[in-house]
There are 2 protein chains.
Amino acid sequence: MDISTFLTYLNNYIDLTDEEEALLRAKVVRRTYLKNQYIVQQGDVCTSVNFIISGCTKTFFMDAEGQEHIVMFSIEEWWTSDLGSFTSQTPSDFNVQCIENTQLIQITYQNLETLYRQIPKLERFFRKIVERAFVASQKRIIRNFSLDAKERYKIFEHTYPRINQRVPQYMIASYLGISKEFLSKIKSQLINEQ
Amino acid sequence: MDISTFLTYLNNYIDLTDEEEALLRAKVVRRTYLKNQYIVQQGDVCTSVNFIISGCTKTFFMDAEGQEHIVMFSIEEWWTSDLGSFTSQTPSDFNVQCIENTQLIQITYQNLETLYRQIPKLERFFRKIVERAFVASQKRIIRNFSLDAKERYKIFEHTYPRINQRVPQYMIASYLGISKEFLSKIKSQLINEQ
DNA sequence: GTAAAATGTTAATCTAGTTCAACATCATTT
DNA sequence: AAATGATGTTGAACTAGATTAACATTTTAC
């Protein structure tokens, strides 16, 4: 449950020499947040990218009417951040809040820039990670336009069973872009259908 | 109107030596597509990333009912591709079709992999390009959830005036996720409001 | 310059999903 | 074990936007 977990994960994607591992160890920190704590708050500059060792977070946006809109959930072995805020070091549009006690590996903006210079293959690594995230985001847009709420829920349930089990239903409704009452109705329909 | 346009654009982001420019020239090709031609077809593997020198494309998905859903428009100085298909060299989910006669710079998968090795700072360049695209995609998800169709149209009009002028209204409706009839109604409301 | 095709408009009817309100269940704290 | 807060359910009334269909306008091709 320490930085080794993170290095093991990284070594699945890029081969790190011992020196490179040492450089990384020097520039990343492990941090624990409690349930409900914020990693990033809307309006603040997002200072780090965060790799989740254990726990679960939600990334959401609070609209003008005070309504919460969940953009993504993140669990073990995934990255979370407000990337727009982080990359341009400007105030963030999103909040990232822990839904469970959460252990992270954090890399600050300055440290990541240094690491990119010291270990250029990290550029390649993050290029691939962001490509994957972008592709998932595009597919989500399409699903939101071409499928009704029940289909979207069925896909969510099937694609992210681990999230579906851990996260309260009203948050899943927000992620799907529907009201909690309507998700409740969908779930009871799905039960009656079988 | 040739590869120089592309190299000038690239030099805004990363400094290329003469040798690097020569490597690039050797691995990219310029190609012209006519209006209505497809650069990528749903089901085919997307073989290249495409930088638009002139023209306009739409990226869309054809659903089970034969309905077209536009994910993005691309114009001069932007990239277009089915990134999911390209990066994993698997069949694409999307079509990319020219809305106007379009001149592109194309880089094939193999050539881009070679170029990444020859010019590692290209990794950095594409990391940044994809980061930007991902951030825009996330913001779009939020807008689709938190704003009604009229607000979304107003933002579109304001953010992409050059696209709004060039592209038929029924395609903009598809991009916004609404019917063409409803967009027509929205536009007449906006005219009456002033 | 005319026909055909593509694009845009208007209005009536319909529906997926919202909102509100009241209640039910579950979890946590004392 | 009672009380409080968080989560989930149900139903009635409502609305943003879809669908259909008929017509209007603009563009393209011959």
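So that the names make sense, note that chain A is the first sequence line, chain B the second, and so on, each numbered from 1. Since we're looking at a predicted model, the values are computed, not measured.
One can place CD of Q189(A) at 13 Å from C1' of dT9(D), the figure rounded to the nearest angstrom. What separates NZ of K187(B) from P of dT7(C) is a distance of 14 Å, to the nearest Å. As a whole-Å value, the separation of L190(A) CG from dT9(D) P is 12 Å. F145(B) places its CZ atom 18 Å from the P atom of dA16(C), with the value rounded to the nearest Å. In this structure, E181(B) atom CD and dA24(D) atom P are separated by 16 Å, rounded to whole Å. Rounded to an integer number of Å, the gap from CD of E68(A) to P of dT7(D) is 10 Å. What separates CG of L176(A) from P of dT18(C) is a distance of 10 Å, to the nearest Å. Atom C1' of nucleotide dT7(D) and atom CG of N36(A) are separated by 14 Å, given to the nearest angstrom.
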Does the side chain to side chain contact (heavy atoms under 4.5 Å, CB included) test come out yes or no for N164(B) and I172(B), once each step is laid out?
CA-CA 8 Å; N164(B) 193 38; I172(B) 293 170; 3.3 Å; yes
Can L190(B) and K154(B) be said to form a side chain to side chain contact (heavy atoms under 4.5 Å, CB included), step by step?
CA-CA 9 Å; L190(B) 288 174; K154(B) 276 153 63 176; 3.7 Å; yes
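Nearest-nucleotide mapping onto DNA chain C: of I178(A) and K35(A), the residue sitting toward the 5' end is I178(A).
Ring geometry for Y160(A) against Y175(A) counts as perpendicular: the plane angle is over 60°, on a 0 to 90° scale with 30° as the lower cut. Under the 30°/60° scheme for interplanar angles, the aromatic rings of F125(A) and Y13(A) are found to stand perpendicular.
Listed by first and then second residue, the side chain to side chain donor-acceptor pair (under 3.5 Å) pairs involving residues 72-82 of chain B are Y9(B)-W79(B), E76(B)-R162(B), E76(B)-R166(B) (not counting sequence neighbours).
The side chain of K180(B) has dT9(C) as its nearest neighbour among dT9(C), dA16(D), dT10(C). Side-chain atoms of S179(B) lie closest to dT19(D) of the nucleotides dT10(D), dG17(C), dT19(D). Of the candidates dT18(C), dT10(C), dT7(C), dT7(C) carries the atom nearest the P168(B) side chain, counting heavy atoms from C-beta on. For R152(A), the listed nucleotide lying nearest its side chain is dG17(C); candidates were dT9(C), dG17(C), dA16(D).
A close approach under 4.0 Å does not occur between any side-chain nitrogen or oxygen of Q169(B) and OP1 or OP2 of dA6(C).
Contacts of Y170(B) with the nucleic acid, taken as non-hydrogen atoms under 4.0 Å apart, involve only primed sugar atoms and P, OP1 or OP2.
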